[in-house]
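The block underneath contains the structure these notes are about, expressed in structure tokens.
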Amino acid sequence: MMESTHQRDLLTTTVRFCRALRERGLLVTPAEAIDAVKTLNLVDLGDRQEVYWGLRSVLTSRVEDLPIFEELFETFWGFNGSSPQSLKGLLGGMPPPTTEVQEPPPTPKRPTKGMALSLERWLNPDEGQGEPIGLPGMSDQEALIDKDFSIFGAEELEEITKVATRIARRLAARPSRRRKPTRKGQWVDLRRTFRRSLKTGGDPIELTFQERKTRKTKLVTLCDVSGSMDLYSRFLLQFLYALQNSFARVETFTFSTSLSRITDHLKGHPYLSALGRLSGDVRDWSGGTRIGPSLTTFNKEWPSLVDKRTIVIILSDGWDTGEPEELAEALVTLKKRSGRLIWLNPLLGSPTYQPLTRGMQAALPYVDVFASAHNLASLKTLERHLYL
Amino acid sequence: MREEIRKIQELMEQEAYITDPAIATSVYLAMALKKPLLIEGHAGVGKTEIAKVLARALDTNLIRLQCYEGLDATTALYEWNYSKQLLRIKLEEASAHSAEEKEAVIFSEPFLLKRPLLQAITQDGQAPVLLIDEVDRSDEEFESFLLEVLSDFQVTIPEIGTIKATHHPYVVLTSNRSRELSDALRRRCLYLWIDYPSLAKELKIVQTKVPGINEQLAGEIARFMQTVRKMKLNKVPGVAETLDWATALVALHASYLGDEVVRETLGCFVKDKGDLRKFQAELDAGHLAGMITPLP
Ligand SMILES: Nc1ncnc2c1ncn2[C@@H]1O[C@H](COP(=O)(O)OP(=O)(O)OP(=O)(O)O)[C@@H](O)[C@H]1O
Ligand SMILES: [Mg+2]
């Protein structure tokens, strides 16, 4: 248990470190982040030099990257900076009291505000290091569609909204095979017509029509906002926000170590103020992950939201530090109640990713669709899976 | 230090390559993560040597692809053995085989001359070390072809079809940064930057690589080189130059760095006319002793 806390913090720090490097222009995407995590399993974690050399060879790709890497390594891992214990504290011995401890020391420019720090930074992208500098050839649609969310800039969020709106529109309009009676429609309902005509002595005076009944599909989305998802959650939230505001029957939740319902935070508010409300209310933003317990809570506290006409979408990288058995159990329940269970994992966009985490392995047998969610193209294909 | 990394360091040093933890860790990770290792650094700092030493340390073959401007995919992959094909055509002249049959025969694997890339992925037995040397000298087109091979580990030969790798070779790429490599290739690789050696490292290299050198001379050479690399030179000497110079000095039976012998051997590590004049001026001004930096 204690060990898994360290694992989690190590993971979170690694992902944040990767993100910080990316923000400074290094070629770091989730594929490299995964290699970084693998590297930590391959080197001697008690040997900071070795961790340094190992991560450096995985996360840098040109000599110009080296000073940036060195600077951020010191910030995040206390390589030879003011906190020589921090890496050790992270890896063994005393567990850190809370996950907040792992926040890199704030630069003077950026005030620390606990859990909501990263969210605040998103709200004020000009503050601090900002978004990655313009990537060549990435401005046109073609490039945009395959571009990994983790390197998306703020201006491109607009595209995500469009995708969400389109999905919502189709979802709302999609006809089902079932037909419902109506006065005007495409099919004459012979059975009904005859039954009625019996009352009038046999003459079919009033034709009964039927039309395709628009089946009311509902959506529940549960988005992982733990530290390891930092690279993605901003963009996925933008997507969920757009979905929430263009489709009536959707309920949105976030989870990290605990579950929060954010439907009302997103609905009917401008995006930025919605984010602002979230940062106040969502517990443990960018913290650790306990998918299993979060889903158990969902099943217990919100049973009425899920029925056979509900598509449940979980967005998570599957990096869970809880017990895999609990996750599996929660998914069994969820699968039984729902019409369709979809797991979107942004890491799946990386060609080298294998769903090997214990959490992901526990989950796989129960999901109907396991797909990626790392770029616009993958969100567009999501539409294909949204049927019952 | 991780046992495997210590072992790599030890094996490489047994092959006379002075290996610091940065190098050993990168080499180990490249092997463990099965990724190519891109090595950059100034001329003569020991980039190419890593691949050679690694092959010896692993007791496996070294397959080298030397890049140059205009190198194309086919040259790096395969060629048809034209003389063998011609011979076969001659031999078959009288045979009853149709033209198509004859063609199928002469464009089959036995008539293929495997070039480095194909060799590296089809070799029997142990995975070899594939050295793609000075990749910055090839053009972008070749680079993207290379990236494809390094991603798929399979190649397609129109007449034969797709050939899959029997194993992943250990891939080492070196570059002198004469041209900026693509981000795609960089991302595919682990990165190792080799800087000019520290005083201690260079001293160790000299002592290992120049048998019979006396301690004082080796020390003075290493210290002198530290100063030299701080000067504003057109061509900064690398380890290769240090070793050439040390070897020359030993051949001349020098036991310390004296004015005369240094003047005689300047050409070993000064490769530029302007730089040469600069050194001569320093020596004329009697600065030699001052250039042999005191030990820290
Ligand atoms: N760490 C080392 N230990 C032992 N020998 C070394 C070391 N570094 C370099 N050398 C020696 O220095 C010489 C130059 O090395 P090498 O050819 O590998 O350099 P390079 O970086 O590939 O140079 P270039 O950029 O010119 O191709 C070789 O003789 C090599 O043996
Ligand atoms: Mg070389």
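Using a 4.0 Å cut-off between charged nitrogen and carboxylate oxygen, B:R177 and A:E64 count as a salt-bridge pair.
Heavy-atom neighbours of B:K235 NZ from other residues, nucleotides or ligands within 6.0 Å: at or below the threshold of 12. Annotation: B:K204, atom NZ; neighbour count of heavy atoms from other residues, nucleotides and ligands within 6.0 Å does not exceed 12.
The two residues A:D35 and B:K35 come nearest to each other via the heavy atoms OD2-NZ, 2.8 Å. Counting all heavy atoms, side chain and backbone alike, B:R187 lies closest to A:L27 at CG-CB, 3.8 Å. Of all heavy-atom pairs spanning A:V63 and B:Y191, the tightest one is N-OH, 2.9 Å.
Contact of the A:D47 side chain with the B:I5 side chain is not registered, since no non-hydrogen atoms from C-beta on lie closer than 4.5 Å.
Counting heavy-atom pairs under 4.5 Å between each of A:T60, A:D65, A:L66, A:V43 and chain B puts A:T60 at the top. By number of non-hydrogen pairs under 4.5 angstrom with chain B, the leading residue of A:D44, A:T39, A:L59 is A:D44.
Proximity to chain B (any heavy atom under 4.5 Å) is shown, for A:E50, by both the backbone and the side chain. Proximity to chain A is limited to the backbone of B:L181, based on heavy atoms less than 4.5 angstrom apart.
Proximity to chain A at a heavy-atom threshold of 4.5 Å picks out B:P21, B:A22, B:T25, B:S26, B:Y28, B:L29, B:A32 from residues 7-32 of chain B, in numerical order.
The distance from atom CD of A:E32 to atom CG of B:L190, rounded to the nearest 0.5 Å, is 9.5 Å.
With sequence neighbours excluded, the residues that form a salt bridge (charged side-chain N to carboxylate O under 4.0 Å, His left out) with A:R62 are B:E180, B:D183.
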